[in-house]
Amino acid sequence: MRKVIFWDFDGTLVHSEHLWSSNVYAALKCVDNNTDITLNEIKECMSSGFTWHTPNEDYSKVTNEKWWKT
């Protein structure tokens, strides 16, 4: 029998409901349980601006320190 590990970037093989936003919200609640920020506000902030939102863009020259400036 062969053992196999499947690594999934959310949405490739399965889709979990608001994976990244939910984790950011959970971390926020850990440090400030009385926050007025809602999960929907976090989802809105995380809906754009990340490289995976523009997969057709060429990021091959964005390496090392340049990566953190994008």
Side-chain angles (χ1 to χ4, degrees):
M1 172 193 277
R2 291 185 178 183
K3 293 182 180 184
V4 177
I5 295 176
F6 288 97
W7 182 273
D8 179 39
F9 291 98
D10 192 43
T12 306
L13 300 174
V14 298
H15 179 76
S16 59
E17 195 66 27
H18 313 297
L19 176 69
W20 297 104
S21 301
S22 295
N23 287 326
V24 169
Y25 185 66
L28 173 62
K29 293 294 277 184
C30 282
V31 296
D32 183 4
N33 194 42
N34 297 316
T35 183
D36 292 333
I37 298 172
T38 66
L39 174 59
N40 283 336
E41 289 172 316
I42 291 175
K43 287 177 5 188
E44 187 177 317
C45 289
M46 296 185 73
S47 66
S48 65
F50 296 100
T51 54
W52 52 82
H53 290 129
T54 52
N56 294 331
E57 205 167 308
D58 180 13
Y59 293 103
S60 62
K61 295 189 182 357
V62 185
T63 59
N64 301 324
E65 292 302 317
K66 291 179 185 175
W67 173 258
W68 301 107
K69 294 178 183 177
T70 59

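Note that the numbering runs from 1 along the sequence shown for the chain.
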Partners passing side chain to side chain contact (heavy atoms under 4.5 Å, CB included) against Thr54 (at least two apart in sequence or in another chain): Glu57, Tyr59

Spatial distance of atom OG (Ser22) from atom NZ (Lys29) [nearest 0.5 Å]: 13.0 Å

Asp36 to Glu41 - nearest heavy-atom pair and separation: O-OE1, 3.7 Å

side-chain hydrogen bond (donor to acceptor under 3.5 Å, both in side chains) against Asp58, all qualifying residues, sequence neighbours excluded: Ser60

Reported CG-to-CG distance for the pair Leu28 and Asn23, which is rounded to 0.5 angstrom: 12.5 Å

Nearest atoms (heavy-atom pairs only) where Lys66 meets Lys61: CD-O, 3.7 Å

Interatomic spacing from CD1 in Ile37 to OH in Tyr25 - rounded to 0.5 Å: 9.0 Å

Partners passing side chain to side chain contact (heavy atoms under 4.5 Å, CB included) against Glu44 (at least two apart in sequence or in another chain): none

Contacts of type side chain to side chain contact (heavy atoms under 4.5 Å, CB included), residue Ser47, not counting sequence neighbours: none

